Amino acid sequence: MGDLDSWHQRYSFQGHALALDENIYEIRREKLKKIEALGQPAYPRKFNFSHTVPQILSEYGGQTAEELESPRVTVRMAGRIMAIRLMGKAGFAHLQQDGQRLQIYVKKDAVGEAGFELWKLLDLGDHIGIRGYLFRTRTGELSIHAEELTFLSKDLLPLPEKWHGLQDVELRYRQRYVDLVMNPEVRAVFLKRSKLVQSLRRYFDGHGFVEVETPMMHPIAGGAVARPFKTHHNTLDMDLFLRIAPELYLKRLTVGGFDRVYEINRNFRNEGISMRHNPEFTMLEAYQAYTDYLGILDTTQGAIERAVEDVTGGTRTKWGEDEIDWSHGNWRRMTMREAIAKFWPEKAGAAPMREDFASHESVRELVMRVRAAAVDVGYDPAEPAGKTIAALFEAVAEEHLVQPTVIYEFPTAVSPLSKQKPDEPDWTERFEMFAGKMEIANGFSELNDPEDQRRRFEGQLRERERGDEEAHQMDEDYIRALSYGMPPAGGVGVGIDRLAMLFTDSHTIRDVILFPQLRPEKTSTAEGTGDTKGK
RNA sequence: GGGCGCGUAGCUCAAUUGGCAGAGCAACUGACUCUUAAUCAGUAGGUUGUAGGUUCGAUUCCUACCGCGCUCACCA
């Protein structure tokens, strides 16, 4: 028990911040000592079980009391005590495992003196193993009649209140383990997220894509428009950036001969945190050689349609007050210019024509008309017209894109890595997918002309000098790679967190990330800069 | 970063115009061999986020700070 003492000392140092309840903690430690005195190890190594809780519920849930009697079914099972009712020389408890619960019945006559002593020392939250036979109580609930109890692990800190559970949003995120124990719907969300990733892997593997892992630490943060996190490598004495996208490395791999390649992993962007943004988020990026943006679009749409079915078993998902229909026939496709015209606010006059997007002056005119209709659009006269058009799209159209929608043909000014349209150099072969008013994917015909790429980087450098911190830097090695010849390819990035939100009707990204980024917990450390609450 | 809101027992929440800080659950003691929000009797648990200010008196009013939520900006 010496270990336990020092463990407790160490953690009680941080006192209030870890929400240690001294009384309950001490009382339960004493109980643990008593349990050891009964001959049960405080932290045993293993427990052999014959069934899990869900297995018993599904195999025997339909059997009557009589069927369970002849012949008797003896099981060994483990779980966490989530409810406990003691009544003198007998009692009931509910054990939880895999998010499901099964009742056990413990009677002094059946478990013996020592077994019943153990039973009386158990608390809510403890893990135990049980051997016993199945039966139905007078009220008909399938239960295990205990013949032997095995202590498995003690819960020294009290679980939240049993009716309301854990509701404090901050505590739910900070102590996700408690959230998962108390709230089965939270568990369900993360099981769905797991299925989503599994489904996407299966789809891309099945379509001949090779999964790879490329660097997360980049000397130059490229492949997206975003501000990076900076870190430093001591031995190399060099600054590195956490990647904002794997794009440029995956494209190097297409140069190297991986014609179909994908990666599912984290990107890091040093920007605001919101309902839809976490500093680290998970992205699937895929590159497919010998096709263009429309080819990779079909691949991506197929993956998402497959994933909806794998995750939800159907093609429709609830999204707040709306229902999103992911079936193939319900996807819309329109160009960015068509979308702006289609959702053009009435008060802004006649919808723009194609030629209205052609010149700086006519685009400026569109902004003024939209602003007159009380729609806020960011506008900087010095920025390229393409940037303004993209801002117009976001202001006018994005909020209407609840059903799955593909927007294609993006301005070249906001698409430094994609191929231009052959007949319209101001526009690129690029698409984005939207659902639930959120961008969920972004793909294009990959620019593979090294000289064009160099000119685009130089254009970005000018944007940088103009004060755009997010504009691309020059990446000489990437241009060198392209100079060895990259096959024509379509590429795409899919926001996994956003898809998980859409598939689970979660309206904040924090509900689909197990440990979302929060400010550090206020805590007095062992160095003791602050309050140790009189200890 | 700006605006709005919230912070009271381990958890979920009360507290009248500024006037003794409370309840349920959890915990502890006792009773109870088919309960399930078990029940019954009793006990304990708080520097009301932190630091100041106004006041005879502050959970309540004011200021700053910390944390969280919503929202706007930026972004995917």
Side-chain angles (χ1 to χ4, degrees), chain A residues 16-28 30-31 65 82-94 101-111 116 119 123-125 135-141 143 145 155-175 178 182 224-227 244-245 267-283 285 376 378 390-391 394 398 432-434 438-442 468-470 493-499 501 507-510 518-523 530-531 533-534:
Chain A
H16 190 69
L18 276 175
L20 286 183
D21 184 297
E22 285 304 307
N23 278 328
I24 293 178
Y25 192 97
E26 291 299 340
I27 288 162
R28 293 193 175 185
E30 287 304 314
K31 286 185 181 176
M82 294 304 291
I84 191 163
R85 297 175 288 281
L86 282 82
M87 296 165 296
K89 298 185 180 62
F92 290 90
H94 274 100
R101 294 183 183 189
L102 182 66
Q103 181 170 263
I104 67 170
Y105 177 55
V106 180
K107 195 164 68 165
K108 191 172 183 181
D109 302 342
V111 297
F116 205 72
W119 166 249
D123 288 299
L124 280 177
F135 77 113
R136 285 196 182 274
T137 62
R138 246 167 239 164
T139 56
E141 179 168 345
S143 308
H145 199 293
D155 175 10
L156 295 167
L157 292 170
L159 288 174
E161 201 243 336
K162 65 184 171 189
W163 307 344
H164 304 88
L166 187 65
Q167 305 207 324
D168 184 294
V169 178
E170 182 184 353
L171 284 182
R172 284 190 41 230
Y173 296 144
R174 284 199 197 281
Q175 296 185 263
V178 178
M182 299 305 296
V225 178
R227 277 185 292 177
I244 56 175
N267 291 339
F268 307 86
R269 299 190 184 173
N270 205 342
E271 283 158 357
I273 295 174
S274 79
M275 305 263 285
R276 292 174 201 78
H277 300 86
N278 194 61
E280 54 180 299
F281 63 103
T282 302
M283 189 119 151
E285 278 208 16
D376 191 30
E394 281 172 30
E398 214 174 84
E432 285 189 357
M433 284 178 180
F434 289 84
M438 291 191 292
E439 180 192 337
I440 53 173
N442 174 20
D468 185 349
E469 283 181 66
E470 297 175 349
V494 181
I496 301 298
D497 311 274
R498 297 254 175 106
L499 272 185
M501 288 169 70
H507 292 255
T508 165
I509 197 168
R510 287 178 165 182
L518 301 173
R519 280 197 171 75
E521 198 166 359
K522 190 165 61 176
T523 172
D531 166 41
K533 232 186 165 184

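Throughout, a chain's letter reflects where its sequence line sits, starting with A, and its residues are numbered from 1. Bear in mind the structure is a predicted one, so any value in this text is a computation, not a measurement.
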K.L.:
Return the value, rounded to whole Å, for the distance between atom NZ of A/Lys89 and atom P of B/C34.
P.N.:
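Between P of B/C34 and NZ of A/Lys89: 12 Å.
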
K.L.:
From the options B/G10, B/U33, B/A76, select the nucleotide whose nearest atom is closest to the side chain of A/Glu439.
P.N.:
B/A76

K.L.:
Which dot-bracket notation, 5' to 3', represents the base pairing of RNA chain B when pairs are defined as Watson-Crick or G-U with both distances under 3.5 Å, crossing pairs as [ ], and inter-strand pairs as |?
P.N.:
(((((((..((((.....[..)))).(((((.......))))).....(((((..]....))))))))))))....

K.L.:
Starting from P on B/A76, measure out to CG on A/Asp497 and report it in whole angstrom.
P.N.:
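Value for this atom pair: 14 Å.
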
K.L.:
Tell me, please, which residues at least two apart from A/Glu141 pass side chain to side chain donor-acceptor pair (under 3.5 Å).
P.N.:
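A/Glu141: side chain to side chain donor-acceptor pair (under 3.5 Å) contacts with A/His94.
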
K.L.:
Could you state the NE2-C1' distance from A/His94 to B/C34, rounded to the nearest angstrom?
P.N.:
12 Å

K.L.:
Mind checking if A/Phe116 touches a base, just sugar-phosphate, or nothing, with heavy atoms under 4.0 Å?
P.N.:
nothing

K.L.:
Which residues satisfy the ring-ring contact (aromatic ring centres under 6.0 Å, His included) test with A/Phe434, sequence neighbours excluded?
P.N.:
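Counting only residues at least two positions away or on another chain, A/Phe434 forms a ring-ring contact (aromatic ring centres under 6.0 Å, His included) with A/Phe393.
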
K.L.:
Which whole-number value in Å describes the distance from A/Ile104 CD1 to B/C34 P?
P.N.:
16 Å

K.L.:
Among residues at least two apart in sequence or on other chains, which ones pass salt bridge (Lys or Arg N to Asp or Glu O under 4.0 Å) with A/Glu398?
P.N.:
none

K.L.:
What's the closest nucleotide to the A/Val225 side chain, out of B/U35, B/C11, B/A76?
P.N.:
B/A76

K.L.:
Using a 4.0 Å heavy-atom cut-off across all strands, classify A/Asn278 as base, sugar-phosphate, or nothing.
P.N.:
base

K.L.:
Do A/Val494 and A/Met433 have side chains that approach each other closer than 4.5 Å (heavy atoms only, starting at C-beta)?
P.N.:
no

K.L.:
Closest-nucleotide mapping onto RNA chain B: is A/Gly91 or A/Tyr173 further toward the 5' terminus? I mean the 5' end.
P.N.:
A/Gly91

K.L.:
Polar atoms only, N or O, under 3.5 Å: list the protein pairs with nucleotides 1-6 of chain B and their distances.
P.N.:
none

K.L.:
Within the 4.0 Å limit for protein heavy atoms, which parts of nucleotides 37-44 of chain B are touched? Write it as a string from 5' to 3', B for base, S for sugar-phosphate only, - for none.
P.N.:
BB------

K.L.:
Judged by atom type as modelled, is there a donor-acceptor pair below 3.5 Å linking the side chain of A/Asn442 to the main-chain atoms of A/Glu432?
P.N.:
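Judged by distance alone, no pair lies under 3.5 Å.
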
K.L.:
Rounding to a whole Å, what distance do you find between A/Glu394:CD and B/C72:P?
P.N.:
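That distance rounds to 14 Å.
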
K.L.:
Of all the choices, B/U33, B/C68, B/A27, which nucleotide is nearest to the side chain of A/Glu170 once you look at every atom?
P.N.:
B/C68

K.L.:
Select base, sugar-phosphate, or nothing to describe what A/Gly165 touches, counting heavy atoms under 4.0 Å on all strands.
P.N.:
sugar-phosphate

K.L.:
To the side chain of A/Leu171, which of B/U33, B/C11, B/C34 is closest?
P.N.:
B/C11

K.L.:
Rounded to the Å, how far apart are A/Ile24 CD1 and B/A9 P?
P.N.:
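Rounding to the nearest Å, CD1 of A/Ile24 and P of B/A9 are 14 Å apart.
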
K.L.:
A/Glu439: what forms a salt bridge (Lys or Arg N to Asp or Glu O under 4.0 Å) with it, not counting sequence neighbours?
P.N.:
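Scan of A/Glu439 (salt bridge (Lys or Arg N to Asp or Glu O under 4.0 Å), adjacent residues dropped) gives none.
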
K.L.:
With respect to the side chain of A/Asp123, which nucleotide from B/A27, B/U12, B/C34 is positioned closest?
P.N.:
B/A27

K.L.:
Rounded to the nearest angstrom, tell me the gap between atom CG in A/Asp168 and atom P in B/G49.
P.N.:
14 Å

K.L.:
Spell out, as yes or no, whether a donor-acceptor pair under 3.5 Å connects the side chain of A/Arg172 to the backbone of A/Leu166.
P.N.:
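Not at all, since once roles are kept as given, no pair shorter than 3.5 Å links the two residues.
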
K.L.:
Could you pull out all residues at least two apart from A/Gln103 that satisfy side chain to side chain donor-acceptor pair (under 3.5 Å)?
P.N.:
A/Arg85, A/Ser143

K.L.:
Does A/Lys31 have any side chain to side chain donor-acceptor pair (under 3.5 Å) partners at least two apart in sequence or in another chain, and if so, which?
P.N.:
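Testing A/Lys31 for side chain to side chain donor-acceptor pair (under 3.5 Å), a comparison that skips the adjacent residues, returns A/Asp123.
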
K.L.:
What's the closest nucleotide to the A/Glu271 side chain, out of B/C74, B/C70, B/U33?
P.N.:
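Looking only at side-chain atoms, A/Glu271 lies closest to B/C74.
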
K.L.:
Just call it for A/Glu141: base, sugar-phosphate, or nothing, with non-hydrogen atoms closer than 4.0 Å on any strand.
P.N.:
base

K.L.:
Which nucleotide wins on minimum distance to the side chain of A/Phe92, given the candidates B/C34, B/A76, B/C70?
P.N.:
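Nucleotide nearest to A/Phe92's side chain: B/C34.
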
K.L.:
State whether A/Arg174 places a side-chain N or O below 4.0 Å from either non-bridging phosphate oxygen (OP1 or OP2) of B/C68.
P.N.:
yes

K.L.:
Starting from P on B/A76, measure out to CZ on A/Arg498 and report it in whole angstrom.
P.N.:
8 Å

K.L.:
Please pick, from B/G67, B/U12, B/A76, the nucleotide with the shortest atom-to-atom distance to any side-chain atom of A/Leu166.
P.N.:
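The answer is B/U12, which lies nearest to the side chain.
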
K.L.:
By nearest atom, which of the nucleotides B/U35, B/A27, B/U33 is closest to the A/Thr137 side chain?
P.N.:
B/U35

K.L.:
Per the salt bridge (charged side-chain N to carboxylate O under 4.0 Å, His left out) rule, what does the pair list look like for residues 268-278 of chain A, sequence neighbours excluded?
P.N.:
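Non-adjacent pairs meeting salt bridge (charged side-chain N to carboxylate O under 4.0 Å, His left out): zero.
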
K.L.:
Under 4.0 angstrom, heavy atoms only, what part of the nucleic acid is A/Arg227 near: base, sugar-phosphate, or nothing?
P.N.:
nothing

K.L.:
Indicate the atoms forming the closest heavy-atom contact of A/Ala110 with A/His145, along with that distance.
P.N.:
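Minimum heavy-atom separation between A/Ala110 and A/His145: CB-CE1, 3.8 Å.
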
K.L.:
Can you name the side chain to side chain donor-acceptor pair (under 3.5 Å) partners of A/Tyr105, sequence neighbours left out?
P.N.:
none

K.L.:
Given the structure, check if the side chain of A/Gln103 and the base of B/U35 hold any donor-acceptor pair shorter than 3.5 Å.
P.N.:
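Side chain to base: pair present.
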
K.L.:
So A/Lys108, base contact, sugar-phosphate only, or nothing? Heavy-atom distance under 4.0 Å.
P.N.:
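If one applies the 4.0 Å heavy-atom cut-off, A/Lys108 turns out to touch nothing in the nucleic acid.
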
K.L.:
So which nucleotide from B/A27, B/U35, B/A76 ends up closest to the side chain of A/Ile509?
P.N.:
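Closest nucleotide among those given: B/A76.
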
K.L.:
List the residues meeting salt bridge (Lys or Arg N to Asp or Glu O under 4.0 Å) with A/Arg101, not counting sequence neighbours, and say none if there are none.
P.N.:
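Salt bridge (Lys or Arg N to Asp or Glu O under 4.0 Å) list for A/Arg101, sorted by chain: empty.
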
K.L.:
Testing the basics here: between A/Met182 and A/Gly165, what is the closest heavy-atom pair and its distance to 0.1 Å?
P.N.:
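Closest approach of A/Met182 to A/Gly165: CE-CA, 4.1 Å.
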
